[in-house]
Amino acid sequence: MTTHLASPRAEFAAGVVAILPLAVAVMPFGLILGANAAAKGLSLAEVLAMSAFVFAGSAQFLAIDLWRDPAPWAALGLTTLLINLRHVLMGASFSQKLGRFGRAGRLVAVFFMADEIWAVAERRALERPLTPAYYAGLALPLYVNWLVLTVAGAALGKLVADPRALGFDFAFTAVFIGLVAGFWKGRPTLKITVASAAAAILVHRLLPGAWYVIAGAGAGIATAALTTPAAPPLPAAAKR
Amino acid sequence: MDAFALTPANLAAIAAMAVATYATRVAGLWLAGRIPQGGRARAALDALPVAVLVAVIAPGAAAGPAEILATIVTIVAVLRLPLLAAVVVGVGAVVALRALLG
């Protein structure tokens, strides 16, 4: 390999810098999630355990919405499975960028594959090989941030303001728009965006729960697949 | 409420959620070796980041006139400003537009 690679320390620092704006943007969500969880009767220790072992913001929000006493564990597990089904495809795509990770490293890396970390890591892989140090620089701050803020939200409880009144619910949308912009490649991306948005909005109106995520993601990737030639062009054809 | 209380039903639910989440994340590693590398499968995987991110936010971004306009403002801001600044502009826009449009 002639490719020059930065030191692990520099890679880690680059990861921290890349995730920092996202860590700030998820702060209100962590607080709100913790406060909602406390209102549903979860203790601080339970909020900490959920954030530490699940580490999936959208699934945690949906689960807390559905939480009752006693907790319907089967329904909550199934709902989590449904809203996180997109991670199967995300992981399949991500797997091809984990060449430098080793077998155990991959199994650890996917545990931290929250949407934000995955999107930033995929974006990095478009430009240079993804290193474990860079990935750790993404995952560690966001993980610690999430644990601290969800527990702080649970401790503060009702002191946490209504997210909608302050427009914080829209911060999530704005962050994701920024992430999409990083992947933009003109018309093909526009087609994917239109298909994904249309399907997600339609299914969100028709069905309860998390089906809209699967429908939107499915419509987007189907559009990409169908607007691409079925077989890769042969090298000879390229010379014509 | 005891801050350190751990009730069995809550722990069972958290465990179910943790297992479900890790299962979906690790399943991709298994799936990756079983899908073709070229043509349409490749195009589908390459489209995944945008397809997933857009699907997650689309219903919220299209929830009403205020959200649709704020989404447009945010797209313009994202093209010109650092991410965090664009998020601040987007949140400010949605607060102002919701106040204006109800």
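The sequence lines fix the lettering, A, B, ..., with proteins before strands; numbering per chain opens at 1.
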Options [options], ranked by heavy-atom pairs under 4.5 Å with chain B, top entry:
options                              : value
A:Gly220, A:Ala109, A:Ala45, A:Ala49 : A:Ala45
A:Ala52, A:Ala171, A:Pro70, A:Ala181 : A:Ala171
A:Leu82, A:Asn84, A:Leu179           : A:Asn84
A:Ile192, A:Leu76, A:Val213          : A:Ile192
A:Thr193, A:Thr223, A:Leu226         : A:Thr193
A:Arg86, A:His87, A:Lys185, A:Gln60  : A:His87

Quick one: does any side-chain atom of [X] pair with a main-chain N or O of [Y] as donor and acceptor, under 3.5 Å?
X        : Y        : value
B:Arg25  : A:Phe112 : no
A:Lys97  : A:Leu130 : no
A:Lys40  : A:Asp65  : yes
A:Ser51  : A:Leu147 : no
A:Glu122 : A:Ala119 : no

Portion of [X] that has a non-hydrogen atom of chain B nearer than 4.5 angstrom:
X        : answer
A:Ala56  : both
A:Ala114 : both
A:Leu98  : side chain
A:Trp184 : neither
A:Ile214 : neither
A:Arg205 : side chain

Quick check on the interface: out of [options], who has the most heavy-atom pairs with chain A under 4.5 Å?
options                            : result
B:Asp46, B:Leu11, B:Val19, B:Thr71 : B:Thr71
B:Val50, B:Val88, B:Leu31          : B:Val50
B:Ala43, B:Ala85, B:Ala77          : B:Ala43
B:Ile57, B:Val87, B:Val26, B:Thr24 : B:Thr24
B:Leu45, B:Leu53, B:Val78          : B:Leu53
B:Ala70, B:Ala15, B:Ala27          : B:Ala70

Output the distance between atom CG (A:Leu22) and atom CZ (A:Phe176), rounded to the nearest 0.5 Å. 8.5 Å

Can you label the angle between the A:Phe55 ring and the A:Phe111 ring as parallel, tilted or perpendicular, going by 30° and 60°? parallel

Does atom CZ of A:Phe101 have more than 12 heavy-atom neighbours from other groups under 6.0 Å away? yes

Is the shortest side-chain heavy-atom distance between A:Gln96 and B:Arg42 below 4.5 Å? yes

Please assess A:Thr227 against A:Arg187 for the test side chain to side chain donor-acceptor pair (under 3.5 Å), listing each intermediate value before the final yes or no. CA-CA 11 Å; A:Thr227 52; A:Arg187 274 192 84 78; over 6 Å; no

Please report whether the ring centroid of A:Tyr135 lies less than 6.0 Å from that of A:Phe94. yes

Hey, are B:Arg98 and A:Asp169 close enough for a salt bridge, meaning a charged N less than 4.0 Å from a carboxylate O? yes

Of the backbone (N, CA, C, O) and the side chain (C-beta and beyond), which part of B:Val54 lies under 4.5 Å from a heavy atom of chain A, both, or neither? both

Region of B:Arg34 in contact with chain A, defined by heavy-atom distances below 4.5 Å: neither

